Amino acid sequence: SLPINKEVQPGKYKDPRYLTNTCPSPDELILLSNGLQKRAGEIIVGDSVKTRHELTDKVSNFPVSYVEIIPNSKRCKLTFEFNSLVCSYSHKLLVGTEWKTAEDLIFGDVVSGQAFLGTEPVEDGDVVLITVEDAHTYIVNGLQSHNKRPAPPKGGYGGQGNPPVAPTISGEAPAGS
């Protein structure tokens, strides 16, 4: 049995494998600066992603500065109106002006213009830890995601909020681009 970590959220018992990796599955698609998509497991340091800056809300291109495959992570499948996402339970998504973990999403939350419909557990497996320099966000499967802990404070973005739709996705990048 795994040790229990009560310090992260008082009153909730958490399996540590849920908390350490805010990451998508290697098969999920990351939006690149050229408008194409690349599987998270194929992202490398130096790739450029199109995303919104975590504080300024400006859409621009930012370099990937760190990538690591994390094995044996607890994962879930998040279902939205138009797509789904397999990720760690601690993966952060932007709901309005707040970052919420996958495990804290509730039915009807809107992420990048899509209503959240539900969560289901999937088999433990690899996730990809991706750090985007300066912006600290990226778009995975069309959903605005945060790449590190801790996330910006509630009501971040200089009080401007975040529009509900992530930058447009137009295709999948060939492997190695």
Side-chain angles (χ1 to χ4, degrees), residues 19-71 73 75-76 78 80 82-102 104-105 109-114 116 126-177:
L19 299 172
T20 57
N21 309 316
T22 61
C23 316
S25 163
D27 293 327
E28 304 302 337
L29 298 174
I30 307 296
L31 180 64
L32 300 176
S33 61
N34 63 5
L36 298 176
Q37 298 178 88
K38 190 176 192 181
R39 295 191 186 290
E42 297 171 358
I43 294 288
I44 60 172
V45 171
D47 279 345
S48 181
V49 299
K50 181 177 219 168
T51 190
R52 294 184 189 281
H53 190 279
E54 71 172 332
L55 299 175
T56 67
D57 200 32
K58 180 181 177 190
V59 175
S60 192
N61 301 322
F62 297 91
V64 172
S65 59
Y66 184 81
V67 178
E68 180 182 355
I69 303 290
I70 310 290
S73 294
R75 302 183 311 172
C76 60
L78 306 176
F80 295 87
F82 308 116
N83 63 10
S84 62
L85 171 66
V86 174
C87 60
S88 59
Y89 281 86
S90 60
H91 186 75
K92 289 190 175 88
L93 298 147
L94 190 61
V95 178
T97 59
E98 272 184 75
W99 293 101
K100 282 190 171 184
T101 62
D104 290 330
L105 290 172
D109 276 345
V110 176
V111 177
S112 300
Q114 296 188 56
F116 174 67
D126 292 349
V127 293
V128 184
L129 176 61
I130 300 168
T131 301
V132 176
E133 191 173 311
D134 193 37
H136 301 293
T137 69
Y138 55 91
I139 309 296
V140 59
N141 290 4
L143 304 166
Q144 183 76 42
S145 300
H146 202 276
N147 78 181
K148 68 174 189 168
R149 297 179 76 111
K154 283 185 179 181
Y157 305 104
Q160 300 302 308
N162 187 33
V165 180
T168 306
I169 296 176
S170 60
E172 185 172 343
S177 60

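On a predicted model such as this, the values are computed, not experimentally measured, just so you know.
With sequence neighbours excluded, the residues that form a side chain to side chain contact (heavy atoms under 4.5 Å, CB included) with Phe82 are Gln114. Here Asp109 pairs with Lys100 under the salt bridge (charged side-chain N to carboxylate O under 4.0 Å, His left out) rule; sequence neighbours left out. Partners of Ser60 according to the side chain to side chain donor-acceptor pair (under 3.5 Å) rule, which considers only residues two or more places apart in sequence or in another chain, do not exist here.
Counting only heavy atoms from C-beta outward, the side chains of Arg75 and Ser25 approach each other to under 4.5 Å. Contact of the Thr101 side chain with the Tyr89 side chain is not registered, since no non-hydrogen atoms from C-beta on lie closer than 4.5 Å. For the pair Leu29/Lys38, no side-chain contact is recorded, criterion being any heavy-atom separation below 4.5 Å from C-beta on. Here the side chains of Val49 and Val64 are in contact, with some heavy-atom distance below 4.5 Å. Counting heavy atoms from C-beta on, the side chains of Ile30 and Ile130 come closer than 4.5 Å. Contact of the Asp27 side chain with the Val86 side chain is not registered, since no non-hydrogen atoms from C-beta on lie closer than 4.5 Å. With contacts defined as side-chain heavy-atom distances shorter than 4.5 Å, the pair His91/Pro24 qualifies.
Considering CG of Asp134 and NZ of Lys58, their distance stands at 10.0 Å, rounded to 0.5 Å.
Thr137 places no side-chain N or O within donor-acceptor distance of the main-chain N or O of Thr51, the cut-off being under 3.5 Å. Judged by distance alone, the side chain of Gln37 and the main-chain N or O of Asn141 form no donor-acceptor pair under 3.5 Å. Of the possible polar contacts, one joining the Ser88 side chain to the Cys23 backbone as a donor-acceptor pair under 3.5 Å is found.
The aromatic rings of Phe62 and His53 sit tilted relative to each other, their planes meeting at an angle between 30° and 60°.
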Checklist line | Residue pair Val128, Ile43: steps toward the side chain to side chain contact (heavy atoms under 4.5 Å, CB included) verdict | finding: CA-CA 9 Å; Val128 184; Ile43 294 288; 5.6 Å; no
